[in-house]
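Here the structure comes first, spelled out in structure tokens, and everything after it is commentary.
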Amino acid sequence: MSGSEPKWTFAQKFYVDFNATVSELASRLDALKSGLDVPPVAMQAVTSDLSRLTKSLSDATGSLPSYDQRQCERQLKTLEKSIEELRGASACAPRFSFKRKVTKTKPSTEHGLVVGPPLTQSQSTLIESAKTLATFSHRYLTILDIHSPNSSAEVSISDVDNCIVNLLASDNDHRKMTALHVQRVSRSVILLPQIAGSIILYDLSECVIVIGCHQFRMHNSTAVDVYLESVSDPIIEHCSGIRFAIYPSSLVRGGSLQNSQHFDVKDFSHILSTPSPNWSLLLKERWEKSWPIFPLQDQVLREELKRMLSARSRQLENELRL
């Protein structure tokens, strides 16, 4: 990292490039797994590339957030395990066999960043256990709609509109979420507990979301109020009309609020010394005070959504006039 490069800028760039390389290596390993006869040259090339990637992570130690560091190390271990499994399989395989031709996926670029190919089986090992809440409209959803028997799991929320999603744990519910992935949600209110992992959000519009997490990242979203507790700096990119406030103390279950960094947002679409026009702090007098923590249906649900989302729209319009 150069002396003039901000630490958080270096960390984000490293994380994007690292994940693109991980994706590319995982794709190559999957291609090798499709055949029973693994060429030694190909195996050596993958091993060498993994060694270089491991060294790059070692060199970056101290410049990355501790959570990103652990995530990168975990992905390296997954790749190492895949290589060992491939070596074992190739040692037991017959010398001659028919192989299926695999089309190699090339990474593409978007907005100047490296975007890897779709998640492969090797790369997705860590999220296979994710529980999904998808394709709902005009519903009040709770943790029971996930039907997860596990005591802990990653949760994915996608393709939801005009809903209230309440995943706050009850006093006698000991299930815990380790990470959250939210995408394509509109005109909805999402109430989430404090979790030890990360939350990544894509394509949200006209929403109110409550979340406590270790790391917060939002992409391609607009007109969202975020009530947040985060021990690391929140990151947004390609967003607009995002307002931040502190996690409501009335929704805290079995713990307390830590020193949140919700006010120190990093906007990767505005790498300038001037304040970002894409986010702001929500004034305390405009914080929501009445949260829909009990199930609602039909007309009552529609009225509650209208109350919360219309209030947000009026406030934003007033702010734009100032």
Side-chain angles (χ1 to χ4, degrees), residues 1 5-33 45-83 86 104-130 154-156 158 178-184 195-203 213-221 230 232-239 266-269 271:
M1 181 177 65
E5 186 176 21
K7 184 176 180 179
W8 64 273
T9 303
F10 168 82
Q12 176 67 2
K13 183 178 184 301
F14 179 90
Y15 195 79
V16 170
D17 293 342
F18 183 92
N19 282 324
T21 304
V22 166
S23 181
E24 193 267 339
L25 286 175
S27 180
R28 287 162 60 187
L29 284 170
D30 281 349
L32 291 174
K33 286 180 182 179
V46 171
T47 303
S48 298
D49 289 344
L50 179 59
S51 296
R52 282 192 287 272
L53 187 62
T54 302
K55 184 179 185 302
S56 71
L57 179 61
S58 177
D59 294 340
T61 299
S63 299
L64 301 176
S66 58
Y67 181 78
D68 282 0
Q69 180 86 24
R70 290 195 300 271
Q71 290 293 93
C72 291
E73 291 171 354
R74 194 175 300 174
Q75 292 183 75
L76 288 178
K77 289 179 181 178
T78 299
L79 290 174
E80 290 169 358
K81 182 179 179 181
S82 295
I83 288 177
L86 187 57
K104 191 173 181 180
T105 305
K106 295 182 179 180
S108 62
T109 59
E110 182 180 1
H111 303 298
L113 297 177
V114 177
V115 181
L119 287 176
T120 64
Q121 182 177 0
S122 298
Q123 191 186 12
S124 62
T125 300
L126 299 176
I127 63 173
E128 286 177 348
S129 61
E154 294 189 1
V155 173
S156 172
S158 63
T178 57
L180 283 153
H181 307 269
V182 183
Q183 56 184 338
R184 297 186 300 278
I195 66 172
S198 64
I199 179 169
I200 302 177
L201 308 100
Y202 284 90
D203 302 314
C213 58
H214 181 94
Q215 190 171 62
F216 176 94
R217 293 180 180 177
M218 175 182 282
H219 305 268
N220 305 321
S221 298
S230 176
S232 61
D233 295 343
I235 293 173
I236 65 172
E237 185 176 32
H238 303 129
C239 295
K266 306 302 184 187
D267 183 358
F268 280 86
S269 299
I271 311 297

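Note that these values count all heavy atoms, side chains included, but never hydrogens, waters or copies made by symmetry.
- The shortest distance between side-chain heavy atoms of I236 and F268 does not fall below 4.5 Å.
- In this structure, CG on N220 lies 11.0 Å from CD on Q183, to the nearest 0.5 angstrom.
- Judged by the 6.0 Å distance and 45° axis criteria, R217 is positioned over the aromatic ring of Y15.
- Taking CD1 of I83 as the start and OG1 of T78 as the end, the distance is 11.5 Å to the nearest 0.5 Å.
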Criterion side-chain contact (heavy atoms from CB on, under 4.5 Å) on S198 and H214, from CA distance to verdict: CA-CA 5 Å; S198 64; H214 181 94; 5.9 Å; no

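- Closest approach of C213 to G197, counting heavy atoms only: CB-O, 3.5 Å.
- Closest approach of L201 to I199, counting heavy atoms only: CD1-CG1, 3.8 Å.
- For D59, the side chain to side chain contact (heavy atoms under 4.5 Å, CB included) criterion is met by K55, not counting sequence neighbours.
- For the pair Y202 and V182, the minimum side-chain heavy-atom distance is 4.5 Å or more.
- Two residues are said to be in side-chain contact when any heavy atoms from C-beta on lie closer than 4.5 Å; I200 and F216 fail this criterion.
- In this structure, A179 and I195 approach most closely via the heavy-atom pair CA-CD1, 3.9 Å.
- Looking at heavy atoms from C-beta onward, Q75 lies in side-chain contact with N19 at the 4.5 angstrom threshold.
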Yes or no on salt bridge (charged side-chain N to carboxylate O under 4.0 Å, His left out) for K77 and E73, after CA distance, side-chain angles and deciding distance? CA-CA 6 Å; K77 289 179 181 178; E73 291 171 354; 5.9 Å; no

Check step by step if side-chain contact (heavy atoms from CB on, under 4.5 Å) holds for Q69 and L57. CA-CA 8 Å; Q69 180 86 24; L57 179 61; 3.9 Å; yes

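- The closest side-chain heavy-atom distance from E237 to M218 is not below 4.5 Å.
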